[in-house]
Amino acid sequence: MLLLLTLLVNCSQKKTQNLSFNNFDIEVAGEWKKLKLQGVDSDVGGFITENNDTVSFDYGPYSNSLEEDIVIFERKFIKEIIKEHPETDTSKMIIVSDVSKVTQEDFKINKKHYEKISGYNAKIVSPKRSGEGITGVYFDSLGASSLGKIKFTLYGQNLNFKNQKELLNAIRTIKLKK
């Protein structure tokens with residue numbers, strides 16, 4: 001009976017793997033595959049999930065801060081702009097009747113919070129709704145180089161719930177090499 005219980009527990013536990021890169025180590029889902037990329041001024045790479053989604057990282061001075069740039073326009077001003085510049089693309093603009101009644105947060109698809117990971121302050125970003133947005137982590141200042149501050153970003157976009165959860169778990173296992 002004890003042998004059967006041990007086998008059931010071991011089979012139900014999710015297998016993970018430890019991966020080592022130039023600047024960090026991480027524990028990811030067992031089915032994820034290491035992805036090698038070539039960077040010019042940064043160390044870049046990532047993983048491919050079992051669903052063939054890409055999770056990528058950038059360790060260098062130009063890493064993405066994972067901020068959402070939301071610009072809200074009031075309808076009356078857009079009409080004036082279009083009148084002067086009819087070629088203006090409004091498809092990605094947020095247009096409202098009264099800007100005083102909304103905030104940028106109302107339109108963001110991601111949420112963020114901060115934690116200490118590997119001794120550094122980390123911004124963790126995840127979608128408000130699974131499958132729509134960014135799941136990732138951003139470290140703002142890990143040191144300096146001749147090009148500026150060293151930053152680190154690791155993220156995936158539009159991940160399903162399972163991969164999003166696996167990535168958030170993996171993020172918390174990051175061990176930055178100093």
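Index from 1, following the sequence.
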For [X] and [Y], which heavy atoms make the closest approach, and how far apart are they?
X	Y	answer
G46	F57	N-CE2, 3.4 Å
I117	A122	CD1-CB, 3.9 Å
K123	S65	NZ-O, 2.6 Å
G156	L167	N-CD2, 3.9 Å

Separation between [atom1] of [X] and [atom2] of [Y], rounded to the nearest 0.5 Å:
X	Y	atom1	atom2	value
T135	Q164	OG1	CD	4.0 Å
E67	K108	CD	NZ	5.5 Å
K111	I124	NZ	CD1	11.5 Å

Inset, instruction - Output the rest of the hydrophobic cluster of V96: all Ile, Leu, Val, Met, Phe, Trp and Tyr residues reachable through side-chain heavy-atom contacts under 4.5 Å, sorted by chain and number. - result: I70, I72, I94, V99, V102, F107
Inset, instruction - Among Ile, Leu, Val, Met, Phe, Trp and Tyr joined by side-chain contacts under 4.5 Å, find the other residues sharing a cluster with V71 and list them by chain and number. - result: F73, I78, I81, I82, M93, I95
Inset, instruction - Check whether the side chains of N169 and E27 place a donor and an acceptor atom closer than 3.5 Å, and report yes or no. - result: no
Inset, instruction - Would you please say whether a donor-acceptor pair under 3.5 Å links the side chains of S42 and D58? - result: yes
Considering residues at least two apart in sequence or located in another chain, which fulfil the side chain to side chain contact (heavy atoms under 4.5 Å, CB included) criterion with [X]?
X	value
S97	R75
N110	E68, V125, P127, I134
D25	S20, K175, K177
Y120	F139, L142, L176, K178

Inset, instruction - Check the pair T49, N51 against side-chain hydrogen bond (donor to acceptor under 3.5 Å, both in side chains), reporting the backbone distance first and the verdict last. - result: CA-CA 5 Å; T49 70; N51 297 336; 4.9 Å; no
Indicate if [X] and [Y] have the same hydrophobic cluster label, given that clusters are the connected sets of ILVMFWY residues with side-chain heavy-atom separations under 4.5 angstrom.
X	Y	value
V55	F24	yes
Y155	I174	no
I150	I26	yes
L168	L154	yes

Quick test of your reading of the model: are [X] and [Y] salt-bridged, counting only N-O distances below 4.0 Å?
X	Y	answer
E115	R172	yes
E166	K162	yes
K83	E80	no

Legend entry - Any pair counted as salt bridge (charged side-chain N to carboxylate O under 4.0 Å, His left out), so long as it reaches residues 145-159, sequence neighbours left out: D140-K149
Is it the case that the side chain of [X] and the backbone of [Y] share a donor-acceptor pair, with hydrogens and angles ignored and the cut-off at 3.5 Å?
X	Y	answer
N163	N160	no
N121	K116	no
Q17	W32	yes

Inset, instruction - Kindly write out the residues that satisfy ring-ring contact (aromatic ring centres under 6.0 Å, His included) with Y138, not counting sequence neighbours, or none if the list is empty. - result: none
Legend entry - Y59: ring-ring contact (aromatic ring centres under 6.0 Å, His included) partners, not counting sequence neighbours: F152
Legend entry - Among D53, L35, V28, side-chain contact (heavy atoms from CB on, under 4.5 Å) partner for F47: V28
Legend entry - Results of side-chain hydrogen bond (donor to acceptor under 3.5 Å, both in side chains) for N22 - residues two or more places apart only: none
Inset, instruction - Can you sort out the partners of K101 under salt bridge (charged side-chain N to carboxylate O under 4.0 Å, His left out), two or more places apart, ordered by chain and number? - result: none
Inset, instruction - Identify, with sequence neighbours excluded, every residue that meets salt bridge (charged side-chain N to carboxylate O under 4.0 Å, His left out) alongside K165. - result: none
Legend entry - Close side-chain approach of T153 and V137, heavy atoms under 4.5 Å: no
Inset, instruction - Evaluate the criterion salt bridge (charged side-chain N to carboxylate O under 4.0 Å, His left out) for residue pair K33 and E50; output intermediate values, then yes/no. - result: CA-CA 8 Å; K33 306 277 189 267; E50 76 278 3; over 6 Å; no
Legend entry - Over 12 foreign heavy atoms within 6.0 Å of NZ, K128: yes
